[in-house]
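Before we start, here is the structure in question, set down as structure tokens.
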Amino acid sequence: MSLIPFAFVVLITIATIGIGVIATRGAKTASDFFVAGRSVGVMMNASAISGEYLSAASFMGIAGLVMKSGYDALWYPVGYAAGYLFLLLFIAGPLRRFGAYTIPDFAQGRFDSPTFRKVAVTFVLFIGFFYTMPQMKGAGVTMSSILNWPYWAGIAVVGTVITFNVAIGGMKGITLVQAFQYWAKLFAISIPFFVLAAVLGGGATPANAPSPMLKPGTKLKIKGEAAAPANALSFPSSTGVTFRVLTPTRFKVSDARKAEPADDPGSAPLWSADVSSPAEGGVSRAEAGTIITTSPQDRTQGGQVVAKTGPKFEFLDPTEIEVIGSEPVPAPNAPSNEKWLNPYGPMTSKHGYPLLYTYSLIIALVCGTAGLPHILVRFYTNPDGRAAKKTTLFVMVMLGAFYVFTPLWGTLGRAFMPQLYANNSTDAVVIRLPMMLENPLLGQILSGITSAGAFAAFMSTFSGLLVSMSGAFAHDIYGRILRPESSPQQRLVAFKVAAIGVGIVSMLLGLLVEQFDIATMVGWAFAIGAASYFPLLLLGAWWRGLTKYGAALGMLLGGLLSVTAIVMSMLLDKKVLTMDFPPLVRSLMEQPAIWAVPLSLLTMYVVSKATAKSLPSDVTSKMLRLHAPEELGLSKNYVD
């Protein structure tokens with residue numbers, strides 16, 4: 001148990017609750033709860049948006065993904081920041097001038113279609129719940145790292161605290177909290193890194209090593225079959241590794257590399273050990289103290305050695321092993337330095353179409369930023385459209401300053417904590433790296449700062465998501481669809497009830513995604529936003545010819561197909577589904593933006609042309625409201 005990091009987490013949690021309670025004193029009207037009274041200044045809103053946007057994926061996930069995948073993962077911080085350029089140029093000003101409470105408000109008001117509101121609400125919930133899952137995982141990983149709590153405990157703590165804050169104060173209550181949390185996160189990601197870089201100095205791995213190295217005596221905790229695929233150790237093909245099993249376990253062994261059809265396996269064994277019982281059904285059993293030695297195997301073609309392969313161990317029971325020998329050995333599951341440093345590495349090339357995967361990821365991140373309802377609704381809190389554009393400009397600067405540090409953490413973790421590769425724990429590098437310092441007190445303090453920053457990341461983003469989804473339930477579903485005659489006070493009650501319900505569902509969903517990378521899950525939420533809300537807002541704000549039929553069909557086709565592809569990809573990764581898809585299809589399922597965004601835009605255009613007679617009679621005045629400077633007096637709030 002790490003008491004100092006726990007104390008830091010308690011302090012940031014108390015500060016979050018305290019600031020939220022203080023800010024909540026001014027939250028009395030529906031406008032306060034939904035859009036903070038439309039009175040938030042530029043710097044305050046920029047800080048709040050940055051605090052809300054810098055989620056668990058930004059604070060922990062990017063560092064973990066850079067450590068795991070290297071060069072390819074750099075597209076995440078670039079895409080996260082670059083997406084705000086789209087917002088600045090095309091969406092922020094028009095969206096604020098329309099003056100709604102929620103994005104479904106914009107959907108109905110722009111096209112005079114109550115039915116379209118229902119379509120728009122659906123995607124608020126899809127995107128919101130997909131985005132809450134990585135926040136919940138981040139909470140579970142952090143508390144597991146610093147307190148050895150079970151994964152679910154961190155989820156319960158964060159979920160309960162934020163649900164309480166949102167239920168009592170809405171948007172007005174969390175704006176000051178999120179602004180504070182941005183600066184807390186920037187401090188937490190930067191200062192500990194400078195200290196670690198100064199203390200640790202150069203890399204721990206020799207320059208000529210093929211991959212990160214583990215020192216003899218390193219102990220690795222391995223998860224069991226329930227955590228698949230995190231229960232597997234793929235040993236390098238370049239050299240052998242010897243380890244001692246410290247707790248009884250069962251395991252299977254196979255080639256770590258799939259052989260091409262023309263390859264012939266060599267005759268050398270992949271591994272050897274004095275196991276207590278012979279393998280049955282491919283399962284071997286090892287008692288505590290068993291020593292296992294791996295060895296590379298030649299693959300030949302036409303009598304010539306063309307490749308080497310190492311063994312892949314899949315442990316059926318949780319266990320702990322210890323690396324033994326006299327020399328450092330390559331870390332299992334770690335990509336080689338060559339793959340890690342170059343484009344089209346282990347992340348983008350896993351299905352064999354790295355360029356396609358990369359472009360799809362870029363489209364998802366850049367366009368998805370302009371399609372996230374919990375971020376977009378923040379622009380309704382500015383006094384006017386000009387302030388919204390200034391806010392976006394400051395957000396770009398703030399995010400750029402933060403994202404300088406996340407790849408550096410991943411690089412430092414690869415050099416000094418390669419054992420995180422073994423149990424798929426690279427997402428915890430920001431929390432666990434400071435604990436390896438020889439000065440334990442300094443390590444605990446630095447880990448406490450990063451743990452507090454990580455908690456601020458989950459809490460600020462989850463707050464925004466909870467406000468967005470609770471607003472969708474209370475204002476759109478309850479107040480506009482189910483009970484249009486409801487009073488503002490009844491909608492406030494509905495908002496608080498919805499916040500509690502959404503908080504509980506989000507915590508339950510977080511329990512299902514422990515084995516997925518945080519940044520990857522956020523990328524999926526971005527892909528859904530890119531295929532649904534981004535086309536709606538881009539064309540809805542700039543093309544007067546967009547009709548309700550075109551917008552609705554485009555959102556449904558692009559958005560629902562993206563959701564279906566991503567869910568199927570998740571189930572295939574978890575081996576819930578065992579269908580065999582071609583590699584190209586798997587790549588397009590995991591990163592659907594490259595086909596879903598053009599499909600949505602094209603559908604909106606074609607259907608709108610075919611239904612041009614259904615354009616609202618006042619479409620010209622609506623376009624003026626979206627684009628005319630406020631001084632002309634043409635803009636007015638859709639909801640007052």
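For reference, positions follow the sequence shown, starting with 1. No experiment lies behind these values; they were computed from the predicted model shown.
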Original post:
Hey, mind stepping through Asp427 and Lys68 against salt bridge (Lys or Arg N to Asp or Glu O under 4.0 Å) and telling me if it holds?
Top reply: CA-CA 9 Å; Asp427 275 338; Lys68 183 177 182 178; over 6 Å; no
Original post:
Above 12 or not: heavy atoms from other molecules or residues under 6.0 Å from CD of Glu338?
Top reply: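 Not more than 12 within 6.0 Å, no.
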Subject >> Distance (rounded to the nearest 0.5 Å) between Phe86 CZ and Thr392 OG1 >> reply: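 One gets 14.0 Å once the value is rounded to the nearest 0.5 Å.
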Original post:
What are the two closest non-hydrogen atoms of Ser234 and Lys312, and how far apart are they?
Top reply: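 The answer is OG-CG, 3.7 Å.
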Subject >> Derivation and outcome, ring pair (Phe, Tyr, Trp, His ring centres under 6.0 Å), residues Tyr533 and Phe126 >> reply: CA-CA 11 Å; Tyr533 268 116; Phe126 273 136; over 10 Å; no
Subject >> Which atom of Leu356 lies closest to which atom of Ser587, heavy atoms considered >> reply: CD2-OG, 4.4 Å
Original post:
Quick one: are Ile566 and Glu590 in side-chain contact, heavy atoms under 4.5 Å?
Top reply: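 Of all side-chain heavy-atom pairs linking Glu590 with Ile566, none is under 4.5 Å.
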Subject >> Spacing of Ser349 atom OG and Tyr357 atom OH [to the nearest 0.5 Å] >> reply: 10.0 Å
Original post:
So do Gln444 and Pro5 actually touch side chain to side chain, heavy atoms under 4.5 Å?
Top reply: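 Result yes, sub-4.5 Å side-chain heavy-atom pair found.
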Original post:
Are side-chain heavy atoms of Tyr53 and Thr461 found at a separation under 4.5 Å?
Top reply: no
**OP:** Would you check if Leu361 and Met347 make a side-chain contact, meaning some heavy-atom pair closer than 4.5 Å?
**Re:**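 A side-chain contact under 4.5 Å exists here.
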Subject >> Distance, nearest 0.5 Å, that separates CD of Gln178 from OG of Ser47 >> reply: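 Nearest 0.5 Å value for the CD-OG distance: 11.0 Å.
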**OP:** Mind checking the CE-CD1 spacing from Met396 to Ile49? Nearest 0.5 Å is all I need.
**Re:**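 Rounded to the nearest 0.5 Å, the CE-CD1 separation comes to 13.0 Å.
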**OP:** Would you please say whether a donor-acceptor pair under 3.5 Å links the side chains of Asp72 and Thr348?
**Re:**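 Present: a donor and an acceptor within the cut-off.
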Original post:
Passes side chain to side chain contact (heavy atoms under 4.5 Å, CB included), Val199 versus Glu438? Steps please.
Top reply: CA-CA 10 Å; Val199 173; Glu438 293 183 2; over 6 Å; no
**OP:** Evaluate the side-chain proximity of Ile189 to Thr450: yes if any heavy-atom separation is below 4.5 Å, no if none is.
**Re:**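 Not touching, per the 4.5 Å side-chain cut-off.
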Subject >> Centroid-centroid under 6.0 Å between Phe462 and Tyr131 rings >> reply: no
Subject >> Closest non-hydrogen atom pair between Ile363 and Val597, with its separation >> reply: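 The answer is CG2-CG2, 3.9 Å.
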Original post:
What pair of heavy atoms forms the shortest contact from Gly510 to Met136, and how long is it?
Top reply: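 Nearest pair, atom of Gly510 first, then Met136: CA-CB, 3.6 Å.
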Subject >> Flag if over 12 foreign heavy atoms under 6.0 Å of NZ, Lys339 >> reply: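 Open.
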Original post:
If you round to the nearest 0.5 Å, how far is CG of Leu433 from CZ of Arg414?
Top reply: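 The CG atom of Leu433 is 14.0 Å from CZ of Arg414, to the nearest 0.5 Å.
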**OP:** Kindly indicate whether the side chain of Phe180, heavy atoms from C-beta on, has any atom under 4.5 Å from the side chain of Lys185.
**Re:**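 When only atoms from C-beta onward are counted, Lys185 and Phe180 do not touch, as no gap falls below 4.5 Å.
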Original post:
Can we say Arg244 and Glu322 salt-bridge, meaning some charged N sits less than 4.0 Å from an Asp/Glu carboxylate O?
Top reply: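 The answer is yes: the pair qualifies as a salt bridge.
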Subject >> Heavy-atom pair of closest approach, residues Thr163 and Leu466 >> reply: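 Of all heavy-atom pairs spanning Thr163 and Leu466, the closest is CA-CD2, 3.5 Å.
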Original post:
Should we say atom NZ of Lys390 is surrounded by more than 12 heavy atoms from elsewhere, each under 6.0 Å from it?
Top reply: no
Original post:
If you measure only the distance, is there a donor-acceptor pair under 3.5 Å linking the side chains of Ser336 and Ser211?
Top reply: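 There is no such pair between these side chains.
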Subject >> Minimum side-chain heavy-atom gap Met570-Phe516 below 4.5 Å >> reply: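 They are in side-chain contact.
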Original post:
When you look at Ser569 and Arg586, which way does the side chain to side chain donor-acceptor pair (under 3.5 Å) test go after all the steps?
Top reply: CA-CA 7 Å; Ser569 182; Arg586 284 288 283 119; 3.3 Å; yes
Original post:
Hey, is the main chain of Phe402 close enough, under 3.5 Å, to the side chain of Thr406 for a donor-acceptor pair?
Top reply: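 No: the side chain of Thr406 does not pair with the backbone of Phe402.
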Original post:
Just wondering, do Gln419 and Leu214 contact through their side chains at under 4.5 Å, heavy atoms?
Top reply: yes
**OP:** Evaluate the ring pair (Phe, Tyr, Trp, His ring centres under 6.0 Å) criterion for residues Phe243 and Phe235: first the C-alpha distance (whole Å), next the side-chain angles of each, then the deciding distance (0.1 Å), finally the verdict.
**Re:** CA-CA 11 Å; Phe243 61 90; Phe235 286 90; 5.5 Å; yes
Subject >> Aromatic contact, Tyr403 with Tyr76 (centres under 6.0 Å) >> reply: no
Original post:
Taking all atoms of both residues into account, what is the closest heavy-atom pair of Thr369 and Gly79, and its distance?
Top reply: OG1-O, 4.0 Å
**OP:** To the nearest 0.5 Å, tell me how far Tyr353 OH sits from Ile594 CD1.
**Re:** 13.0 Å
Original post:
Do other residues, nucleotides or ligands put more than 12 heavy atoms under 6.0 Å from Trp409 CH2?
Top reply: yes
